Protein chains: 2
Amino acid sequence: MTSQPVVSQPVHRSGALLDHLARRMRLRAESVLAPFRLRPRHLVALTVLRGRDGITQQALSITLEMDGTNIVGLLNELEAEDLIERRRSPEDRRRHLVALTEAGAKRLAEAECALAAVEKEVLGALDDSQREALHSLLLQAAMGSDVSCPLD
Amino acid sequence: MTSQPVVSQPVHRSGALLDHLARRMRLRAESVLAPFRLRPRHLVALTVLRGRDGITQQALSITLEMDGTNIVGLLNELEAEDLIERRRSPEDRRRHLVALTEAGAKRLAEAECALAAVEKEVLGALDDSQREALHSLLLQAAMGSDVSCPLD
DNA sequence: ATAGTTGGTTGGTGCTGCACAAATCATTAG
DNA sequence: CTAATGATTTGTGCAGCACCAACCAACTAT
């Protein structure tokens, strides 16, 4: 690899587009999510938790790239709604292993279902297969670039 | 395809992933952009302007889904740096037609160039062709779902 | 045992992005 | 002339989030 001295095509930047679309999505998502007593960041956290059960709070803080103290608050809110559970780690009883509860998984699924319309609107220019492709690319990017995710 | 009465697979939701990745990108982008005296939202605005020269401020406000009064502030900042230009519309002299200046296009290009590393990091799990695919999907979604963009 | 370190928690402070409201000016339309 | 419209200015308030300091419980090392 790295053999070709190809200087580099203009290689399009996706940052601004990502920002823009995320914003549009979030604006609509907020009102849709409100009846579920969830805000966008809750959704993000729950989504992460669905993929990595029993993650430690530190790892979560790294994954979400949020300050540890704010993670606490976020989890408090979710725990108050019984959507997540904090279990003590048997190996190191200081650690909390955070996991989605059944209610949490259910709420997440319901919320996602309710977001179908939003996504349809924001990603309206994409057909189903394109949306699926987008999802898998986003997923791969999100999982792969996760510092706290050594082995998947 | 589209012939099967498949009720619907779980159809993955991309909202949270979009949110998550945009955040990761934005966090890094902020520091990279600082030397250019640009913040992420400036980048978004400039990116939009590159695609639609001579757009009216109202249209911009619709596209960015930002309040009109905040658009004014944003444009003031960009105009102070001579990155955009406000021209009076000849047809309706109340309107401002906003356009990228040469300096603006240049700054935008430079900033994007500087963001290469950031994108490489955040989208590190994707290879070049995947990144390209992602970009074109995002672009299509952004252009297509734009209410103020009747004909492109 | 004792000291130092680490995971988590609490409380507080402050900045930034943004929505929203109100008042103003220039221009256009009826 | 009057009303409506595009843009501007100024001011208010809230939410997200980073950061700091103090603290407890539990682990580690000596």
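Numbered from 1 within each chain, the chains take letters A, B, ... in sequence-line order. Just so you know, these numbers come straight off a predicted model, no measurement behind them.
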OP1 or OP2 of D:dG6 under 4.0 Å from side-chain N/O of B:Gln57: no
Close N/O contacts between protein and nucleotides 13-19 of chain D (under 3.5 Å):
from, atom 1, to, atom 2, distance (Å)
D:dG16, OP1, A:Arg39, NH1, 3.2
D:dG16, OP2, A:Arg39, NH1, 2.8
D:dC17, OP1, B:Arg23, NH1, 3.3
D:dC17, OP2, A:Arg41, NE, 3.1
D:dA18, OP1, A:Glu65, O, 3.4
D:dA18, OP1, B:Arg23, NH2, 2.5
D:dA18, OP2, A:Asp67, N, 3.2
D:dA18, OP2, A:Asn70, ND2, 3.3
D:dA18, N7, A:Asn70, ND2, 3.0
D:dC19, N4, A:Thr69, OG1, 3.3

B:Arg95: salt bridge (Lys or Arg N to Asp or Glu O under 4.0 Å) partners, not counting sequence neighbours: B:Asp92
Listed partners of A:Gln57 passing side-chain hydrogen bond (donor to acceptor under 3.5 Å, both in side chains), at least two apart: A:Arg86, A:His96
Side chain B:Arg88, main chain B:Arg94, donor-acceptor under 3.5 Å: yes
Segment of DNA chain C, first to last nucleotide, that comes within the 4.0 Å heavy-atom reach of chain B: C:dG17 to C:dT28
A:Arg93: salt bridge (Lys or Arg N to Asp or Glu O under 4.0 Å) partners, not counting sequence neighbours: none
Would you list the protein and nucleotides 26-29 of chain D atom pairs, both N or O, that sit under 3.5 Å from each other?
from, atom 1, to, atom 2, distance (Å)
D:dC27, OP1, A:Arg93, N, 2.8

Pairwise distance CG(B:Leu60) to CG(B:Leu49) - rounded to 0.5 angstrom: 5.5 Å
Salt bridge (Lys or Arg N to Asp or Glu O under 4.0 Å) between B:Arg28 and A:Glu65, intermediate numbers included: CA-CA 11 Å; B:Arg28 291 159 175 74; A:Glu65 298 201 44; 2.9 Å; yes
Whether B:Thr56 side chain and B:Leu97 backbone form a donor-acceptor pair below 3.5 Å: no
Side-chain (A:Gln140) to main-chain (A:Leu137) donor-acceptor, under 3.5 angstrom: no
Polar side-chain atom of B:His20 near backbone of A:Thr63 as donor-acceptor pair, under 3.5 Å: yes
Any donor-acceptor pair under 3.5 Å from B:Glu119 side chain to A:Gly15 backbone: yes
